[in-house]
> 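Handing you this structure, nothing more for now.
Every heavy atom of this structure was used, including side-chain atoms; hydrogens, water molecules and symmetry mates were not. As the structure is a prediction and not an experimental result, all values here were calculated from the model. Both counts, for ligands and for their atoms, begin at 1 and track the order of listing.
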Amino acid sequence: MAILKILQYPDERLHTVAAPVAHITDRIRSLIEDMAETMYAAPGIGLAATQVDFHERIIVIDTSETHDQLLVLINPEIIASSGISDYEEGCLSVPGIYGKVQRAESVTVKALNAQGESYVLESDGLLAVCIQHEMDHLMGKVFVEYWSRLRQARTLARLKKKQRSVM
Ligand code: QAP
Ligand code: CO
């Protein structure tokens with residue numbers, strides 16, 4: 001197992017569109033283990049392969065309070081959604097920045113688990129928001145990109161200032 005380096009916004013590689021996983025090989029299983037270890041170590045509640053510079057449709061999520069309910073979504077597809085939620089989000093690729101994004105309140109997602117078995121999951125609340133946030137990463141979209149140009153520019157300025165202060 002290994003902790004992977006998380007790409008930091010505005011890294012261009014975060015805009016890469018991920019390809020579907022064709023076969024769940026040992027390489028994919030090992031990547032999933034490393035992604036889970038990286039997410040738990042951060043700590044975070046969700047991580048997409050895009051964020052660790054692997055451009056394949058893989059997500060790990062754990063929104064449980066006990067941090068022992070790992071959810072693996074390979075080739076996820078939203079098959080139903082309803083309602084509107086306005087949840088405060090953060091992102092391991094945009095540390096220290098939080099803000100609301102409007103998304104569906106409930107989503108039904110179809111995906112493969114780490115064993116390659118297909119399953120359907122109905123979600124709402126934090127889990128539904130997290131699934132949508134992570135699926136955006138696989139499409140090359142970061143949550144701050146829902147905000148106005150002005151707010152994005154201010155976010156970038158804050159991140160640049162912070163980066164200067166740690167160097
Ligand atoms: C995505 O985000 C998410 O800024 C997962 O300094 C978040 O795990 C979806 C984190 C909220 C829905 C709601 C962020 C850790 C973790 C930070 C995360 C930070 C340290 C974010
Ligand atoms: Co994120």
Side-chain angles (χ1 to χ4, degrees), residues 1-18 31-78 81-109 111 121-147 151-167:
M1 298 245 286
I3 292 180
L4 306 170
K5 202 172 149 254
I6 299 175
L7 298 178
Q8 298 296 301
Y9 185 80
D11 194 307
E12 266 309 311
R13 290 169 290 181
L14 288 170
H15 293 136
T16 312
V17 177
L31 172 59
I32 291 167
E33 281 185 20
D34 291 347
M35 284 175 61
E37 192 181 7
T38 304
M39 174 184 72
Y40 286 122
I45 59 169
L47 186 72
T50 310
Q51 292 177 273
V52 289
D53 206 18
F54 285 88
H55 302 287
E56 293 170 276
R57 293 185 58 83
I58 304 169
I59 292 169
V60 293
I61 290 178
D62 189 343
T63 55
S64 72
E65 277 173 23
T66 43
H67 310 295
D68 61 356
Q69 304 286 313
L70 181 68
L71 196 62
V72 175
L73 298 103
I74 300 169
N75 299 343
E77 279 175 73
I78 289 179
S81 66
S82 63
I84 297 173
S85 96
D86 208 4
Y87 218 96
E88 178 102 355
E89 301 184 15
C91 180
L92 288 170
S93 293
V94 200
I97 304 289
Y98 303 89
K100 286 184 178 177
V101 174
Q102 219 176 71
R103 300 190 187 273
E105 152 77 357
S106 312
V107 296
T108 305
V109 68
L121 175 72
E122 284 181 30
S123 64
D124 56 20
L126 177 61
L127 178 58
V129 172
C130 200
I131 289 170
Q132 294 171 82
H133 174 116
E134 302 309 336
M135 284 183 70
D136 273 353
H137 277 302
L138 301 179
M139 295 305 295
K141 184 150 182 165
V142 179
F143 80 113
V144 299
E145 292 163 354
Y146 283 97
W147 298 348
R151 189 163 176 204
Q152 285 186 55
R154 285 177 173 157
T155 302
L156 275 173
R158 273 179 67 190
L159 287 168
K160 287 216 177 86
K161 193 173 163 190
K162 228 176 59 176
Q163 272 162 13
R164 275 203 304 275
S165 72
V166 295
M167 289 205 282

> Do any nitrogen or oxygen atoms of Gly96 lie less than 3.5 angstrom from nitrogen or oxygen atoms of ligand 1?
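N/O-N/O distance below 3.5 Å exists for this pair.
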
> Would you call Lys5 and Asp11 a salt bridge, taking side-chain N to carboxylate O under 4.0 Å as the test?
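Between Asp11 and Lys5 there is no salt bridge, as every charged N stays at least 4.0 Å from the carboxylate O atoms.
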
> Examine Pro95 against ligand 1 and note whether any of their N/O atoms are separated by less than 3.5 Å.
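Checking ligand 1 against Pro95, no N or O pair falls under 3.5 Å apart.
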
> Could you list which atoms of ligand 1 come closer than 4.0 Å to a heavy atom of Gly46?
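In order of number, 5 (C), 8 (O).
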
> Among protein heavy atoms, which sits nearest to atom 19 (C) of ligand 1, and what does the distance come to when rounded to 0.1 Å?
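The closest one turns out to be Tyr98 OH, 3.3 Å.
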
> Determine the minimum heavy-atom distance between Arg151 and Gly99, stating which atoms define it.
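It is NH2-CA, 3.6 Å.
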
> What is the closest protein heavy atom to atom 12 (C) of ligand 1, and at what distance does it sit?
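Its nearest protein heavy-atom neighbour is Val129 CG1, 3.6 Å.
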
> What's the shortest distance from atom 18 (C) of ligand 1 to any protein heavy atom, and which residue and atom give it?
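Nearest neighbour among protein heavy atoms for atom 18 (C) of ligand 1, to 0.1 Å: Ile45 N, 4.0 Å.
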
> To check you understand the geometry: which heavy-atom pair defines the closest contact between Met35 and Val52, and what is its length?
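So the two residues come closest at CG-CG2, 4.0 Å.
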
> Do Lys100 and Tyr146 meet the cation-pi criteria used here (NZ or CZ under 6.0 Å from the six-membered ring centre, within 45° of the axis)?
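Judged by the rule (NZ or CZ under 6.0 Å from the ring centre, within 45° of its axis), Lys100 is not positioned above Tyr146.
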
> SG (Cys91) to the Co ion (ligand 2) to NE2 (His137): angle, nearest 10 degrees?
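Roughly 100°, rounded to 10°.
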
> Is a side-chain donor or acceptor of Gln8 paired with a backbone partner of Ile6 at a separation under 3.5 angstrom?
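Here the side-chain-to-backbone pair exists.
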
> Which residue supplies the protein heavy atom nearest to atom 15 (C) of ligand 1, what is that atom called, and how far is it?
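Ranking protein heavy atoms by distance from atom 15 (C) of ligand 1, first comes Leu92 CD2, 3.4 Å.
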
> Taking all atoms of both residues into account, what is the closest heavy-atom pair of Leu92 and Pro95, and its distance?
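It is O-CD, 3.7 Å.
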
> Under 6.0 Å from the CD atom of Glu88, do we count more than 12 heavy atoms belonging to anything else shown?
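More than 12 within 6.0 Å, yes.
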
> Counting heavy atoms only, which of Gly90, Gly44, Ala42, Ala48 is nearest atom 2 (O) of ligand 1?
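Minimum heavy-atom distance to atom 2 (O) of ligand 1 goes to Gly90.
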
> In this structure, does ligand 1 have an atom that sits under 4.0 Å from one of the heavy atoms of Leu126?
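Yes, Leu126 has heavy atoms under 4.0 Å from ligand 1.
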
> Is it the case that ligand 1 has an N or O less than 3.5 angstrom from some N or O of Glu89?
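N/O-N/O distance under 3.5 Å: no.
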
> For a quick test of reading the model, state the closest non-hydrogen atom pair linking Met1 to Asp34 and the distance between them.
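Nearest pair, atom of Met1 first, then Asp34: CA-OD1, 3.3 Å.
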
> Taking only heavy atoms of Cys130 into account, list the atoms of ligand 1 that are under 4.0 Å away from them.
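Counting from 1, the qualifying ligand atoms are 9 (C).
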
> In this structure, does ligand 1 have an atom that sits under 4.0 Å from one of the heavy atoms of Phe143?
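No; Phe143 lies far enough from ligand 1 that no heavy-atom distance drops under 4.0 Å.
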
> Hey, which N, O or S atom on His133 ends up closest to the Co ion (ligand 2)?
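Nearest N/O/S atom of His133: NE2.
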
> Look at atom 1 (C) of ligand 1 and find which of Gln51, Glu88, Glu134, Lys100 reaches it with the closest heavy atom.
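Nearest heavy atom to atom 1 (C) of ligand 1 lies in Glu134.
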
> Can you name the closest pair of heavy atoms from Cys91 and Phe143 and give their distance?
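Result for this residue pair: CB-CE2, 3.5 Å.
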
> To the closest 0.5 Å, what do you measure between CD (Gln102) and CG (Asp86)?
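Gln102 CD to Asp86 CG: 5.5 Å, rounded to 0.5 Å.
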
> Could you tell me which atoms of ligand 1, counted from 1 in the order shown, lie closer than 4.0 angstrom to a heavy atom of His133?
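Here the atoms of ligand 1 in question are 1 (C).
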
